[in-house]
Amino acid sequence: MKRALLIGVLLSGVLALVPLTNDAYWLRLGTTMLMYGVLALSWNFIGGMAGYPSFAVAAFLGLGAYTGAVAQKFGLPMGWAWVAAGLSALLFATLLGAALLRLRGHYFAIASLVVAEVLRELVNSATELTGGGMGLNLPVPSMISVQAQASFFFYAMLALVLLTFVATVITTHSRLGFGLRCIQQNEAAADMLGVNTTAFKIAAFALSGVFVGIAGAIYASWVHYIEPPDVFDVLYSVKAIVMVLLGGAGSVFGPLLGAAAFLTLEELVWRKFLEVHTGVLGLLIVLLVMFLPRGVLSITQLWKRPKDHRA
Amino acid sequence: MLFLQILANGLVLGGLYACIAAGFSLVWGVLNVINILHGSFIVLGGYLAFFGYTQYGIHPFVSIAIAAPLFFALGYVLQRTLINRMIAAPVLLTLTLTFGLDLMLANGMLAAFTADFRKLILDPPLGILRLGALVLPIDRIIAMLLALGLTGLLYLTLSRSRMGRAIVAVRMDREAAALMGVNVKHVYALTFGLGALMAGASGPLLAMIFPISPLTGPVYLGKAFVICVLGGLGSVPGAMIGGITLGIVESFGSLWFGPEHATTLSFVLLIAILLMRPEGLLGRKGYA
Amino acid sequence: MSQPTAAMPTNATPLLALDHVSRDFGGLRAVSDVTLSVTAGEVIGLIGPNGAGKTTLVNVMTGVHPATQGTIHFAGEDITRIAPWQAARRGIARTFQIVQPFPEMRVLENVAAAAMFAGGLAHGSEANDFAMEQLRFVGLGEMALQPAATLTLAMRKRLEFAKGLAMRPRLLLLDEVNAGLNSTEVDAALDLIRAIAARGVTILIIEHLMKVVLNVCSRIVVLHHGELIAAGPQQEVIRNPRVIQAYLGRRYATDPSAQVGDRS
């Protein structure tokens with residue numbers, strides 16, 4: 001546990017040097033990668049540790065982005081708006097988890113997917129508060145140079161991913177993480193052994209929401225402008241899953257590795273196939289699922305349940 | 001009278017929805033795979049009808065007959081080459097796989113046809129049927145009847161044909177079916193082919209009523225989910241019940257809450273039902 | 001979170017008391033009006049033919065399928081409506097007819113989970129040490145670091161015992177722990193059950209094998225079609241004509257050590 005934390009801190013230290021390059025491209029890429037890292041680590045709480053196929057990442061991200069944006073519209077300073085976003089995602093995930101985590105398999109997956117759609121429609125129709133389909137502009141931070149802004153958001157995302165990572169390490173080595181592993185292996189048996197499965201699953205879901213909510217708010221501040229189809233994009237949910245598949249859910253570093261690998265692939269794809277970008281992304285996903293034994297294998301083994309694992 | 005008109009609209013819509021969902025439900029029920037591609041298959045079928053009509057003058061009703069074998073073959077090959085390999089994998093992996101495939105197809109359509117909404121307008125139009133105060137566009141009625149006909153055909157195929165009985169047998173008990181000499185992989189591919197066929201064939205019907213765009217794929221997919229939860233998995237009558245229920249709910253929902261909230265309403269309904277009945281309204285526990 | 005204090009109930013209050021308990025599934029009554037009490041320290045056998053409702057009754061006791069009617073008290077406390085994990089923490093441990101390990105976790109982790117979540121021990125060495133003790137007790141000490149999936153059936157049954165013990169139970173429900181074992185393995189399991197009983201754990205054995213029940217149980221209750229048709233000292237129950245007719249068949253009246261049912 002100490003070793004993992006140490007490596008995490010050292011890695012952050014190295015990454016903290018990126019803004020010194022003063023290169024806008026690398027800063028943008030770096031900030032995106034860190035955000036992906038937050039999404040992947042967050043999904044891992046519910047998807048990897050508890051074994052529940054959640055597609056709710058997009059819902060948390062959009063909720064956080066809009067909470068942060070609306071809070072700033074009402075005059076809350078940016079930092080507090082981010083905190084508010086985290087809290088709203090935490091609360092939402094807790095309530096949602098209490099309702100949805102009674103579902104299993106496909107039903108849980110679909111219900112969690114649909115939540116983002118419903119939120120998007122709500123945001124779309126609450127025009128006065130959110131600007132509806134017109135989107136919402138955010139105040140530009142007071143830093144003078146564009147460069148300083150880019151570095152600032154990079155460091156903000158870096159701090160968040162470190163926080164998420166620390167939460168992951170602590171959870172993995174705690175009673176909560178142990179209980180989640182039991183649930184992932186055999187939920188009924190875990191229940192019989194005294195694991196309060198409902199509370200544990202809700203805790204995992206809440207953890208998978210809170211950091212994504214903050215990431216959404218930071219993202220909103222970073223790009224200055226958000227609209228519902230952008231931040232409630234179901235692709236975020238899928239990307240988070242694919243990143244964890246890619247890196248393997250077995251270790252605390254897996255999701256981070258997956259995020260870095262995925263972004264590299266995405267960036268290569270993005271530049272070469274601008275028009276059919278998502279199509280090639282789809283191909284990538286298909287190839288990953290079908291043919292990448294390491295990442296995918298490690299996860300299938302984790303998810304093999306003694307019986308009825310496909311239910 | 002307004003009530004009757006809305007009800008009639010709902011029934012027409014419901015017939016089409018049953019057809020959308022029947023194939024999706026079959027695949028989910030038999031293969032335990034959620035086919036995210038289903039919505040895009042419908043849209044692709046719609047484009048087939050649109051270009052068939054505008055370029056070659058092929059009537060959309062005829063396009064159905066063209067779409068059916070094409071989509072069946074497409075579905076069969078997809079299942080046989082790709083999805084069969086993942087069939088025993090956890091839910092998450094098959095979902096991600098079909099999601100990736102859907103990204104490819106949807107993006108391909110976007111590149112080929114743009115995101116523009118196109119409307120297939122029959123010339124001359126088929127006109128309108130008036131029953132007292134009820135106003136019913138004839139193209140919609142025919143589309144609904146054809147949709148119900150297709151759904152009925154699927155039902156007959158499953159209950160009467162050799163292939164259908166093999167599918168039902170595999171659904172009930174895969175191991176036993178395999179022991180009795182059923183080639184399970186072949187049956188899976190047939191099932192997926194039938195699901196794709198139903199999607200592709202309902203495309204032309206929907207194209208006559210709704211504008212076509214690659215962006216509408218997810219909307220149809222969402223409806224198929226809701227219908228399955230409403231009607232239960234893997235049974236054609238279930239899809240029928242679920243489809244008609246959704247059609248009526250959406251019809252009245254549009255009236256009461258505004259048409260822009262019809263989809264949200266159905267999703268809220270979906271979540272509400274799942275919370276009360278975690279296996280779906282008419283769902284059975286523990287199969288697959 | 002913590003284990004209730006292990007004060008022994010007085011002889012006046014039974015450890016477990018079922019009062020007119022029924023359980024319906026749809027229109028089907030799986031358990032019908034069962035009244036039963038278990039005294040602290042006793043080893044009691046619950047028998048009945050397949051489909052008699054034995055496992056359902058265990059599920060009712062542990063909160064898996066709460067009773068439709070009637071009440072259940074454990075150590076004087078009403079537990080009719082509690083969830084399985086709460087039953088586990090109050091000291092009701094059960095083993096499964098079909099063994100339910102966490103297949104990819106180590107044998108030790110399987111048992112440590114029981115010690116932590118139900119037994120109330122601290123995460124880490126406290127739970128691990130206690131788990132190791134239980135593994136040695138059931139004879140699985142050597143296998144502690146293997147994944148549970150690698151164990152043979154007989155070993156998995158022992159793992160179920162170890163998990164049950166690690167829960168620090170006051171009542172241990174053994175649901176067909178001997179199903180599928182050969183006669184040497186059954187003998188070993190019998191020794192284990194006696195050793196556990198000697199530790200002061202109250203045991204309810206749900207069994208198909210008469211040999212087991214007659215060997216270790218002082219009292220037997222018989223379930224048939226969801227109803228309790230007999231209860232009492234073993235020799236009395238064995239000779240009860242209703243029991244013989246309903247369940248045991250004629251030949252068992254003369255050969256009570258023969259095994260019932262067609263398994264193993």
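In what follows, every chain begins at residue 1, and chains take the letters A, B, ... in the order their sequences are listed.
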Distance-minimising heavy-atom pair for B:V91 and A:P53: CG1-CG, 4.3 Å

B:L92 CG to A:F55 CZ distance, which is reported to the nearest 0.5 Å: 5.5 Å

B:I34 portion near chain A, given a 4.5 angstrom heavy-atom threshold: both

Atom pair CD1 (A:I110) and CG (B:L95), whose distance is rounded to the nearest 0.5 Å: 5.5 Å

Toward chain B, the part of A:V238 with a non-hydrogen atom under 4.5 Å: side chain

side-chain hydrogen bond (donor to acceptor under 3.5 Å, both in side chains) contacts touching residues 118-129 of chain A (sequence neighbours left out): A:E117-A:R120

Any pair counted as salt bridge (charged side-chain N to carboxylate O under 4.0 Å, His left out), so long as it reaches residues 230-254 of chain B, sequence neighbours left out: B:K223-B:E250

Region of B:F267 in contact with chain A, defined by heavy-atom distances below 4.5 Å: both

A:M290 side, atom CE; B:R85 side, atom CZ - distance, nearest 0.5 Å: 4.5 Å

From CG (A:L113) to CZ (B:F225), nearest 0.5 Å: 6.0 Å

Portion of A:L283 that has a non-hydrogen atom of chain B nearer than 4.5 angstrom: both

Flag side-chain contact, heavy atom, 4.5 Å: A:L245 against B:L93: yes

Qualifying residues under side-chain contact (heavy atoms from CB on, under 4.5 Å), relative to B:A115, sequence neighbours excluded: B:L110, B:L215

Aromatic ring pairing A:H106/B:W28, orientation class (parallel under 30°, perpendicular over 60°, tilted between): perpendicular

Residue, of A:L235, A:I285, A:T278, that accumulates the most heavy atom pairs under 4.5 Å with chain B: A:T278

Residues in residues 227-234 of chain A near chain B [non-hydrogen atoms, under 4.5 Å]: A:V234

Segment of B:L265 engaging chain A (4.5 angstrom heavy-atom cut-off): neither

A:V286 and B:L103: CA distance, side-chain angles, deciding distance, side chain to side chain contact (heavy atoms under 4.5 Å, CB included) verdict: CA-CA 10 Å; A:V286 171; B:L103 281 181; over 6 Å; no

Contact class of B:L101 relative to chain A, heavy atoms under 4.5 angstrom: both

Stepwise side chain to side chain contact (heavy atoms under 4.5 Å, CB included) check, A:Y107 with B:V229: CA-CA 9 Å; A:Y107 291 100; B:V229 169; 4.2 Å; yes

